[in-house]
Structures are given as structure tokens and as C-alpha cells.
Amino acid sequence: MLQGVHERKISENVSAGSTGDNIIIAGTPERWLLIHELIGSLDGTGTVIVKAGARELGTFELSANQGLTEQDEPGEDNRPRFECRPGEDFILNLTMGVTFTGSVHYSYNY
């Protein structure tokens, strides 16, 4: 069995504007979802909580138009910044009245 092997990276634009949980990438029951890069900003001052299903992975307090860049762990040979277990959605939870706009780069691992 191969360890640490993932499919090619996929890039998608992100636009999330609902208060609370916004599913950015739906999880699948048979694969890990590996988030290699999350880049973006809020259009107002607010909080972004990065989640894998119900698990909180990080909280970021941002000013209006302040950039957020989270990338693979440096020197870790493509170790993803965030990991969602099989069946967990990749979620951005937003405070009321803000929109997150940016991109996400991810892959799947079996």
C-alpha cells in the first residue's frame, strides 16, 4: 500500500458569503481531503474559522481586505496545511455581514 500519495492538485475559486458554515468542498466517505493552499480576503472586518466537519482547524481575525494565505507546511514535502478526514467537509465559518473571496488548492488521498 502506498503511503502519502495523493491525486493531482485541484484549484477552485471561493466565494462564501453566508453567516456561519459555508461548505467549500464536500467530503467523501472513502478519501481524505487535503487542503494545500487557502488564499483570500474578507470584504469587511470579521472572523474566518476554518473547519473540517465539526472540528475547528484555525481561527483568523481579519480587517477589511486584509489577505489570508495558508500554504503547505514548509519543508514537509507537500504536507497539506489542513486535512479533512474521510466524510468531513472543508468549511469556512464566517461572522455576520462579510464575504470571503479567494481560491483553494486541494487534493484527495486514499
Side-chain angles (χ1 to χ4, degrees):
M1 176 187 201
L2 296 173
Q3 297 292 326
V5 176
H6 58 81
E7 295 178 355
R8 67 176 178 81
K9 290 181 183 176
I10 302 164
S11 298
E12 289 189 14
N13 292 328
V14 174
S15 182
S18 298
T19 301
D21 288 352
N22 293 267
I23 296 174
I24 305 303
I25 304 165
T28 60
E30 68 280 351
R31 302 184 290 185
W32 286 72
L33 175 58
L34 309 177
I35 308 301
H36 299 281
E37 187 173 70
L38 175 65
I39 298 174
S41 63
L42 294 177
D43 62 353
T45 299
T47 303
V48 177
I49 301 172
V50 177
K51 297 171 67 177
R55 296 183 302 124
E56 291 187 12
L57 304 177
T59 301
F60 304 92
E61 301 284 337
L62 301 174
S63 299
N65 300 313
Q66 177 184 357
L68 170 67
T69 302
E70 292 294 311
Q71 298 174 315
D72 284 349
E73 297 293 328
E76 295 284 331
D77 292 332
N78 276 334
R79 181 172 169 228
R81 180 62 183 96
F82 304 111
E83 294 181 343
C84 299
R85 297 173 184 146
E88 290 181 326
D89 299 327
F90 180 65
I91 296 169
L92 296 183
N93 180 287
L94 305 176
T95 54
M96 186 175 6
V98 296
T99 298
F100 181 91
T101 305
S103 63
V104 63
H105 305 275
Y106 65 96
S107 65
Y108 293 102
N109 190 342
Y110 295 88

Verdict with supporting geometry, Leu92 and Val14, side chain to side chain contact (heavy atoms under 4.5 Å, CB included): CA-CA 10 Å; Leu92 296 183; Val14 174; 4.3 Å; yes

Test side chain to side chain contact (heavy atoms under 4.5 Å, CB included) applied to Val50 and Ile35, step by step: CA-CA 11 Å; Val50 177; Ile35 308 301; over 6 Å; no

Closest non-hydrogen atom pair, Gln66 against Ser63: OE1-N, 2.9 Å

Rounded distance (nearest 0.5 Å) linking atom CD of Glu70 with atom CG of Leu57: 11.0 Å

Side chain to side chain, Thr47 and Leu94, heavy atoms closer than 4.5 Å: no

Ile49 with Phe100, same ILVMFWY side-chain cluster at under 4.5 Å: no

ILVMFWY network linking Val104 to Ile10, side-chain heavy atoms under 4.5 angstrom: yes

Euclidean distance, Arg79 CZ relative to Leu34 CG, rounded to 0.5 Å: 11.0 Å

Minimum heavy-atom distance Asp89-Ala26, with the two atoms named: OD1-CA, 3.3 Å

Note, Val48 side chain near Leu42 side chain (heavy atom, < 4.5 Å): yes

Heavy-atom side-chain proximity of Tyr106 to Phe90 below 4.5 angstrom: no

Distance in Å, Asp43 CG paired with Thr99 OG1, rounded so as to fall on 0.5 Å steps: 4.5 Å

Considering all heavy atoms, the nearest Ser107-Lys9 contact: CB-CA, 4.2 Å

Distance, nearest 0.5 Å, that separates CD1 of Ile23 from CD of Glu88: 12.0 Å

Exercise: identify the closest heavy-atom pair between Gly53 and Ile91: O-CD1, 3.6 Å

Spatial distance of atom CD (Glu56) from atom CG (Asn93) [nearest 0.5 Å]: 7.5 Å

Shortest non-hydrogen contact from Arg81 toward Asp72: N-OD1, 4.0 Å

Leu62 to Leu68 - nearest heavy-atom pair and separation: CD1-CB, 4.1 Å

Side chain to side chain contact (heavy atoms under 4.5 Å, CB included) between Leu33 and Tyr108, intermediate numbers included: CA-CA 5 Å; Leu33 175 58; Tyr108 293 102; 3.7 Å; yes

Linked, directly or transitively: Ile39 and Ile24 (ILVMFWY side chains, under 4.5 Å): no

